[in-house]
Amino acid sequence: MADKDDITEGKDFGLGIPQDYKPFHVKGANALDWGMQNRLARIFNPESGRTVMLAFDHGYFQGPATGLERIDLSIVPLIPYADVLMCTRGVLRSVIPAAVPKPVVLRCSGGQSILKELSNEAVAVDIDDAIRLNVAAITTQIYIGAPHEHQSIKNLIQLIDSGNRYGIPTMAVTGVGADMARDTRYFLLATRIAAELGAHYVKSYFVEDGFEKITSACPVPIVIAGGKKLPEIDALTMAYRAVSEGAAGVDMGRNIFQSDSPVAMIQAVAAVVHKNEEPNRAFELYETIKAELNK
Ligand code: 5RP
């Protein structure tokens with residue numbers, strides 16, 4: 001039964017103590033609504049401010065890419081070590097156990113294959129379905145300078161507007177066409193366009209010279225793709241340099257799931273991203289975990 005007396009008998013009003021206020025830890029996200037911030041806080045660790053996203057959406061235009069032939073065998077064992085999963089709705093529904101507590105960033109574009117022009121994409125998921133899947137964010141690519149640049153930007157705008165209606169953030173991927181330069185000028189342009197249009201965070205590639213300018217000029221967080229498989233020490237060095245130069249983490253695929261020891265590699269990457277572990281130390285960690293697993 002409701003106790004009416006309690007209404008007037010409160011004691012601990014904390015008089016004189018201002019209500020606690022902490023700025024939200026995700027760059028550029030202070031003015032967002034609670035649901036949007038809550039989803040971003042599931043993606044970006046509140047302690048480090050960073051994220052290790054595991055990307056395995058490659059099949060949406062590449063089919064069964066090396067390492068992704070059997071996602072149940074190659075990716076599901078990595079889930080405990082990832083902060084966030086990035087995949088298509090087809091793989092999410094068919095392979096990823098619904099009980100996993102990890103946030104999902106849903107690939108919401110498609111419509112082309114690796115055999116054709118990569119920029120020729122459409123929005124390939126309705127926002128209703130993204131909500132049904134309880135995702136933390138949605139994502140599409142923009143292909144700046146490519147034949148279907150305009151359509152790809154329209155896809156991003158559509159996704160941002162539909163996500164905004166329901167408090168779901170959008171990650172913009174800066175896609176690069178097969179023959180396009182991956183230089184600082186290109187990513188300065190592409191990441192800033194994505195942020196200006198309202199993307200809540202942006203995925204870019206790391207560039208050797210001037211990456212810090214890209215993260216500085218982008219008013220929302222940047223995470224880096226891993227790109228083609230590199231030797232583990234090189235991939236860890238790239239991740240280290242990226243976070244040292246302002247990236248808020250990685251959205252990495254091939255350099256994890258194509259590694260000799262994916263379970264060891266994802267933990268080494270996490271040490272770099274969340275603990276600023278130096279590349280040589282992170283590589284030692286990789287070798288140690290790999291050796292343990294091979295015993
Ligand atoms: C493809 C993507 C991939 O998720 C992205 O390329 C990340 O994977 P990798 O680290 O293998 O490059 O967005 O369009």
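Atoms within each ligand, like the ligands themselves, are counted from 1 in listed order. No experiment lies behind these values; they were computed from the predicted model shown. Basis for what follows: all heavy atoms, side chains included, without hydrogens, waters or symmetry-related copies.
For Lys229, the heavy-atom gap to ligand 1 stays at 4.0 angstrom or more. At least one heavy atom of Lys203 sits less than 4.0 Å from an atom of ligand 1.
The nearest protein atom to atom 8 (O) of ligand 1, hydrogens excluded, is given as His58 NE2, 3.0 Å; this is a heavy-atom distance. Regarding atom 6 (O) of ligand 1, its nearest protein heavy-atom neighbour is Tyr205 OH, 3.9 Å. Of all protein heavy atoms, the one lying nearest to atom 4 (O) of ligand 1 is Asp57 OD1, 2.5 Å. At the shortest separation from atom 14 (O) of ligand 1 among protein heavy atoms lies Gln141 OE1, 2.9 Å.
With hydrogens and angles disregarded, a donor-acceptor distance shorter than 3.5 Å links the side chain of Thr184 to the backbone of Asp209. Proximity of a side-chain donor or acceptor of Arg192 to a complementary backbone N or O of Ala217 within less than 3.5 Å is detected.
Not less than 6.0 angstrom separates the ring centroid of Phe211 from the ring centroid of Phe187.
Of all atoms in ligand 1, numbered sequentially from 1 with element shown, those under 4.0 Å from a heavy atom of Arg254 are 9 (P), 10 (O), 11 (O), 12 (O). Interface atoms of ligand 1 facing Arg107, defined by a heavy-atom separation under 4.0 Å, are 1 (C), 2 (C), 13 (O), 14 (O). Taking a cut-off of under 4.0 Å to the non-hydrogen atoms of Gly226, the atoms of ligand 1 that pass are 9 (P), 10 (O), 12 (O). Listed by number with element, the atoms of ligand 1 under 4.0 angstrom from any heavy atom of Gly227 are 9 (P), 10 (O), 11 (O), 12 (O). Within ligand 1, counting atoms from 1 as listed, the ones closer than 4.0 Å to a heavy atom of Asp251 are 7 (C), 10 (O).
Atom CZ of Arg93 sits in a crowded spot, with more than 12 heavy atoms from other residues, nucleotides or ligands closer than 6.0 Å.
Residue-to-ligand polar distances keep Met86 apart from ligand 1: every N/O pair is separated by 3.5 Å or more. Considering backbone and side-chain N/O of Met252, none are found under 3.5 Å from N/O of ligand 1. Checked by distance only, ligand 1 and Ala55 stay at 3.5 Å or farther apart across all their nitrogen or oxygen atoms.
Applying the ring pair (Phe, Tyr, Trp, His ring centres under 6.0 Å) test to residues at least two apart or on different chains, the pairs with a partner in residues 236-258 are His58-Phe257. Within the structure, the side chain to side chain donor-acceptor pair (under 3.5 Å) test picks out no pair touching residues 28-46 (sequence neighbours left out).
Contacts between Lys228 and ligand 1 below 4.0 angstrom, taking non-hydrogen atoms only, are absent altogether. Looking at Asn255 against ligand 1, nothing comes within 4.0 Å, counting heavy atoms.
In this structure the side chain of Arg165 never reaches within 4.5 angstrom of the side chain of Ile168, judged on heavy atoms.
No hydrogens or angles considered: a donor-acceptor pair under 3.5 Å links the side chains of Tyr143 and Gln141.
For the atom pair Met86 CE and Phe56 CZ, the distance stands at 10.0 Å (nearest 0.5 Å).
In the hydrophobic clustering of ILVMFWY residues, with side-chain heavy atoms under 4.5 Å counting as a link, Val250 and Leu54 come out together.
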